[in-house]
Amino acid sequence: MAIKVSLPDGSVKNYDAPVKIIDIANEISPRLADASICGELDGKLVDMDHVIDHDSALVLHTFKTDTGKDVYWHSTAHLMAQAVKQLYPEVKVTIGPAIEQGFYYDFDRDQPFTDEELVLIENRMKELSAAGHKYSRRELTKPEAMEIFRQMGEDYKLEILAEIPDTDTISTYTQGDFIDLCRGPHIGDTSKIKAIKLLKTSGAYWRGDEKNKMLRRIYGISFPSNKELNEYLLFLEEAKKRDHRKLGKDLDLFSINDDIGPGLVLWHPNGAMIRHLIESYWKEEHLRKGYKLVYTPHVGRSKLWETSGHLGFYSENMYAPMQIDEQEYYIKPMNCPFHIAIYNANHHSYRELPMRLGELGTVYRYERSGVLHGLMRVRGFTQDDAHIICTPEQMDEEVEKLIVFSLDMLKQFGFKDFLIYLSTRPEGSVGEVEDWDKATNSLRMSMEKLGLDYQVDEGGGAFYGPKIDIKIKDALGRAWQCTTIQFDFNEPTRFDMNYIGPDNSPHRPYMIHRAVLGSVERFFATLLEYHAGNLPLWLAPVQIMVIPITDNQMEYGKLLVEKLQLLGYRTEIDTRGEKIGYKIRDAELKKIPFMFVIGKNEETEAKVTLRQHTKGDLGAMSFDEAIKAIREQQ
RNA sequence: GCCGAUGUAGCUCAAAGGUAGAGCAAUUGAUUUGUAAUCAAUAGGUUGGGGGUUCAAUUCCCUUCAUCGGCUCCA
């Protein structure tokens with residue numbers, strides 16, 4: 001009997017008899033064997049003590065791969081459940097997966113876990129890790145598994161088991177006195193988990209449904225070494241520093257005032273300047289891309305929202321109506337009915353399409369109090385909204401243009417990494433399945449053509465159409481949706497939108513809702529976090545600070561300010577009677593991109609000393625040289 | 001909305017059942033300074049709001065609002 005095992009480097013190992021993966025790893029190098037977390041056999045994840053009995057392709061995963069981390073953290077979740085069960089036997093276990101940064105486990109327990117208890121659990125985990133319990137897999141039938149968990153009184157496991165097909169093989173993993181229903185794979189034994197930190201607790205609904213019981217969730221993370229854990233904790237500290245809420249306060253960009261209301265943003269002059277620059281750029285780019293800008297009211301009669309359907313499907317997010325002349329008006333949660341009204345104000349020929357109507361439209365939506373989050377999630381925000389009304393034939397081209405446009409614009413702001421999602425038809429959708437398929441295909445084909453990586457969210461579309469979403473991550477790695485491109489098979493019909501075709505008869509156009517930045521507020525927040533507040537020159541509210549060393553250079557300084565302002569630079573001068581170090585520190589803390597430091601020497605030689613934020617002194621030079629240097633640096 | 005934590009001066013934080021303190025910022029004065037904090041003085045708070053217990057509450061209790069971390073939902 002000969003077994004061939006091929007490895008990722010192309011080499012092939014031959015064995016006369018079935019062989020364990022751990023033995024193969026050891027053969028390659030004991031260090032690799034030690035670092036290996038699990039194996040991937042012909043694409044299927046298996047334990048390190050899995051026996052290979054036929055020709056296969058083997059990949060070994062260490063903590064360096066995403067899969068390796070996933071398995072490692074999942075195993076740590078089991079370890080945590082073991083510790084919790086030992087300390088609190090009355091607690092029922094539910095599920096405990098790995099997540100992007102660590103793991104969690106949900107427990108059913110009446111009282112919450114306190115910070116002190118977290119420390120106890122963490123310490124017990126360390127003891128259990130030191131004991132080196134082996135994770136051992138056992139395969140069994142469904143009735144056998146049911147019996148085990150019934151005896152243990154683990155109701156949630158029984159509920160999960162009940163949903164697994166009777167014919168499937170069930171597996172359990174046991175380490176020490178703890179047994180859990182689990183597909184696996186797992187690390188070899190608990191001693192591989194060297195550094196553990198339980199981070200936070202929270203409530204979480206069983207199966208994520210708020211109708212279900214709320215469970216107690218514990219989040220944690222683990223690493224093969226203390227060094228890596230400390231690095232991670234340092235990362236969390238650093239991330240706090242680039243939180244847009246902190247930067248917004250430090251740089252005096254915006255505030256949210258209790259007396260005005262939660263989720264309602266006040267833009268201070270510095271933040272307003274940045275927003276103005278973003279919006280100006282946005283308008284220019286849209287005009288360049290053939291969009292028409294429009295403005296629409298903030299409220300509309302109830303009839304409008306009846307026609308659009310919002311009162312039916314979106315009322316939960318809408319504020320109560322106000323009475324004007326005994327008529328009910330609603331503050332707008334979306335801009336689309338208004339844009340449609342503009343379209344419908346005239347008859348349109350197919351020759352006018354595609355029509356692209358764009359607006360920085362401020363909308364108000366009721367968000368549940370627990371979800372508000374700085375500028376990321378607010379109750380009043382401005383969407384960079386546009387509606388593209390086109391013929392079915394124009395759809396493919398429009399979608400492709402849109403994706404390119406969106407990515408280009410995001411890149412202009414410095415973003416490089418995106419998460420792209422395609423969401424398809426959900427249950428209870430409106431419109432013809434045929435239209436849905438066409439539109440979904442159009443979205444898919446465009447992304448394929450552009451060679452974009454994307455994930456499909458089956459059934460995740462809105463009820464009125466499929467969509468593409470582009471998300472950007474914040475300082476802590478949480479993803480926020482910015483760009484959204486959504487088909488709408490609902491409103492064109494409801495508002496009876498038409499265009500006259502070449503056949504001289506009316507046709508229903510396709511309509512696409514789209515926002516590139518998403519909302520200006522959220523985009524601004526991600527932008528701030530992405531740059532850690534160090535905005536590129538073109539977006540900095542103050543670009544150059546002139547810093548005279550003594551009052552004697554004040555006149556020369558004011559002259560420089562005038563010259564810089566004439567060139568279009570946003571410039572200020574620090575006239576305070578402070579020492580140079582103080583003024584420089586202040587400008588650095590305000591993250592102003594450039595400083596002109598001027599003393600007696602500079603004035604007599606008609607020069608300036610240029611200093612760049614975070615980079616330091618660039619030396620003395622003429623005004624023109626300084627401008628040249630600024631242009632080159634950015 | 002749900003689970004948990006938090007709320008003290010503009011900011012960052014301290015104190016404590018006997019009536020609140022520091023640093024920075026601010027204001028004023030002095031200093032005229034060479035690349036990340038000059039010195040001094042002054043001013044600043046019904047300790048988020050309301051209610052209760054108490055001789056006395058900022059501290060203990062209740063309630064409400066907001067914030068933070070999650071869940072759910074979404075731009």
Side-chain angles (χ1 to χ4, degrees), chain A residues 104 106 109 111-115 118 199-219 240 243 245-246 249-250 252 255-259 261-263 314 316-317 333-334 361 363 365-385 462 469-472 476 478 480-484 486 513-523 525-526 547-554 576-590 595 597-602 609-614 616-620:
Chain A
Y104 67 77
D106 286 344
R109 184 199 197 207
Q111 65 276 48
F113 290 103
T114 63
D115 287 350
L118 241 53
L199 296 165
K200 59 198 173 197
T201 58
S202 84
Y205 301 109
W206 167 237
R207 305 223 143 151
D209 188 334
E210 59 188 321
K211 290 190 209 76
N212 289 340
K213 183 166 185 188
M214 183 157 273
L215 308 169
R216 311 289 175 180
R217 176 173 296 182
I218 303 176
Y219 286 91
K240 268 189 204 157
D243 187 312
R245 291 164 299 189
K246 177 167 168 48
K249 201 174 271 178
D250 291 350
D252 195 19
S255 62
I256 293 170
N257 183 312
D258 239 21
D259 292 336
Y314 207 71
E316 272 184 17
N317 290 285
M334 292 190 191
V363 297
R365 297 182 186 174
Y366 172 71
E367 296 289 349
R368 297 157 107 186
S369 59
V371 306
L372 300 174
H373 182 99
L375 295 187
M376 294 289 190
R377 191 74 182 276
V378 292
R379 284 181 172 163
F381 59 99
T382 301
Q383 290 183 307
D384 68 314
D385 211 355
D469 292 325
I470 303 179
K471 297 187 185 189
I472 305 178
L476 281 168
R478 295 174 292 203
W480 294 91
Q481 182 179 319
C482 288
T483 304
T484 185
Q486 312 184 349
H513 304 255
R514 45 112 287 180
V516 174
L517 311 179
S519 88
V520 179
E521 284 75 5
R522 180 178 290 178
F523 183 75
T526 43
I547 303 177
I549 289 174
T550 74
D551 286 353
N552 296 325
Q553 288 80 48
M554 213 56 80
R576 294 175 297 181
E578 295 290 347
K579 290 171 87 167
I580 179 72
Y582 182 90
K583 295 193 232 185
I584 284 175
R585 177 182 151 81
D586 203 50
E588 288 285 353
L589 290 176
K590 285 179 179 158
M595 283 159 249
V597 179
I598 48 167
K600 199 174 161 196
N601 300 338
E602 285 82 358
T609 293
L610 188 63
R611 185 189 165 98
Q612 187 173 10
H613 174 52
T614 71
D617 193 351
L618 302 179

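Below, chains carry the letters A, B, ... as their sequence lines are ordered, and counting in each starts from 1.
For the C1' atom pair drawn from B:rG52 and B:rA66, the interatomic distance equals 22 Å after rounding to whole Å. Nucleotides B:rA26 and B:rG4 have their P atoms positioned 42 Å apart, rounded to a whole Å. On the P atoms, B:rG21 is 40 Å away from B:rU33, given to the nearest whole Å. Annotation: B:rU63 and B:rG7 have their C1' atoms spaced 16 Å apart (nearest Å). Nucleotides B:rC71 and B:rG10, compared at atom C1', are 35 Å apart to the nearest Å. Only the P atoms considered, B:rU35 is 44 Å distant from B:rG70, to the nearest whole Å. If you take atom P in B:rC13 and the same atom in B:rA56, they sit 34 Å apart, rounded to whole Å. The C1' atoms of B:rU27 and B:rU46 are separated by 24 Å, rounded to the nearest whole Å.
A:Gly577 comes within 4.0 angstrom of a nucleotide base, judged by non-hydrogen atoms across all strands. Among the atoms of the strands shown, only primed sugar atoms or phosphate atoms (P, OP1, OP2) are found under 4.0 Å from some heavy atom of A:Tyr582. As judged by a 4.0 angstrom heavy-atom cut-off over every strand, A:Gln481 is placed among residues touching the sugar-phosphate backbone only. Using a 4.0 Å heavy-atom cutoff across all strands shown, A:Lys249 reaches sugar-phosphate atoms only and no base atom. Within the nucleic acid shown, A:Glu521 has no heavy atom closer than 4.0 Å to any nucleic acid atom. Within the nucleic acid shown, A:Asn601 comes within 4.0 Å of at least one base atom, counting heavy atoms only. Across all strands, A:Asp551 comes closer than 4.0 Å to base atoms (heavy-atom distances). Base contact: A:Gly203 has a heavy atom under 4.0 Å from a base atom. Across all strands, A:Thr609 comes closer than 4.0 Å to base atoms (heavy-atom distances). Here A:Arg478 lies in heavy-atom contact (under 4.0 Å) with sugar-phosphate atoms only. If you check every strand for non-hydrogen atoms under 4.0 Å, A:Arg522 touches a base. Within the nucleic acid shown, A:Arg245 comes within 4.0 Å of sugar-phosphate atoms alone, with no base atom in reach, counting heavy atoms only. Counting non-hydrogen atoms under 4.0 angstrom, A:Ile580 reaches the backbone sugars and phosphates but no base. As judged by a 4.0 angstrom heavy-atom cut-off over every strand, A:Glu602 is placed among the base-contacting residues.
Using the Watson-Crick or G-U wobble rule with both distances under 3.5 Å, B:rU27 pairs with B:rA41. Both distances falling under 3.5 Å, in either a Watson-Crick or a G-U wobble arrangement, place B:rG4 opposite B:rC68. Nucleotide B:rA16 forms a pair with no other nucleotide shown, judged by Watson-Crick or G-U wobble geometry with both contacts under 3.5 Å. The nucleotide B:rA36 finds no pairing partner, because no Watson-Crick or G-U wobble arrangement with both distances shorter than 3.5 Å includes it. Base pairing annotation: B:rU59 forms no Watson-Crick or G-U wobble pair, as no partner gives both donor-acceptor distances under 3.5 Å.
Under a cut-off of 6.0 angstrom, the local environment of NZ in A:Lys471 is crowded, with over 12 non-hydrogen atoms contributed by other residues, nucleotides or ligands.
Here chain A contacts RNA chain B (any atom closer than 4.0 Å to a heavy atom, that is under 4.0 Å), and the contacts span B:rG1 to B:rA75 from 5' to 3'.
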> Would A:Gln111 and A:Arg216 count as a side chain to side chain contact (heavy atoms under 4.5 Å, CB included) if you check the C-alpha gap in whole Å, the side-chain angles of each, and the deciding distance to 0.1 Å?
Replying inline: CA-CA 8 Å; A:Gln111 65 276 48; A:Arg216 311 289 175 180; 5.7 Å; no

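Here the side chain of A:Arg365 pairs a donor or acceptor atom with the backbone of A:Pro333 at under 3.5 angstrom. Between the A:Lys600 side chain and the A:Ile549 main chain, no donor and acceptor come within less than 3.5 Å of each other. In terms of modelled atom types and a separation under 3.5 Å, the side chain of A:Arg377 and the main chain of A:Leu372 share no donor-acceptor contact.
Taking the nucleotide of RNA chain B with the nearest heavy atom to each of A:Gly261 and A:Glu578, the more 5' of the two is matched to A:Glu578. Of the residues near RNA chain B, A:Asp115 and A:Leu517, the one whose nearest nucleotide (by heavy atom distance) lies more toward the 5' end is A:Asp115.
Under the 4.5 Å side-chain criterion, counting only non-hydrogen atoms from C-beta, A:Arg514 is in contact with A:Val516. In this structure, A:His513 and A:Thr484 have side chains that are not in contact, with every pair of non-hydrogen atoms separated by 4.5 Å or more. Residues A:Arg245 and A:His373 meet the side-chain proximity criterion, which asks for heavy atoms closer than 4.5 Å.
Among residues two or more places apart in sequence or in another chain, the side-chain contact (heavy atoms from CB on, under 4.5 Å) test is passed with A:Leu199 by A:Lys197, A:Ile221, A:Tyr232, A:Leu233, A:Leu236. Residues that satisfy the side-chain contact (heavy atoms from CB on, under 4.5 Å) test with A:Tyr582, not counting sequence neighbours, are A:Arg576, A:Glu578. Remark: A:Asp385 pairs with A:Asn335, A:Gln383, A:His387 by the side-chain contact (heavy atoms from CB on, under 4.5 Å) rule, at least two apart or across chains. With sequence neighbours left out, A:Asp209 forms a side-chain contact (heavy atoms from CB on, under 4.5 Å) with A:Lys211, A:Asn212.
For residues 367-374 of chain A, proximity to RNA chain B is found at A:Glu367, A:Arg368, A:Ser369, A:Gly370, A:Val371, A:Leu372, A:His373, A:Gly374, defined as any non-hydrogen atom under 4.0 angstrom from a strand atom.
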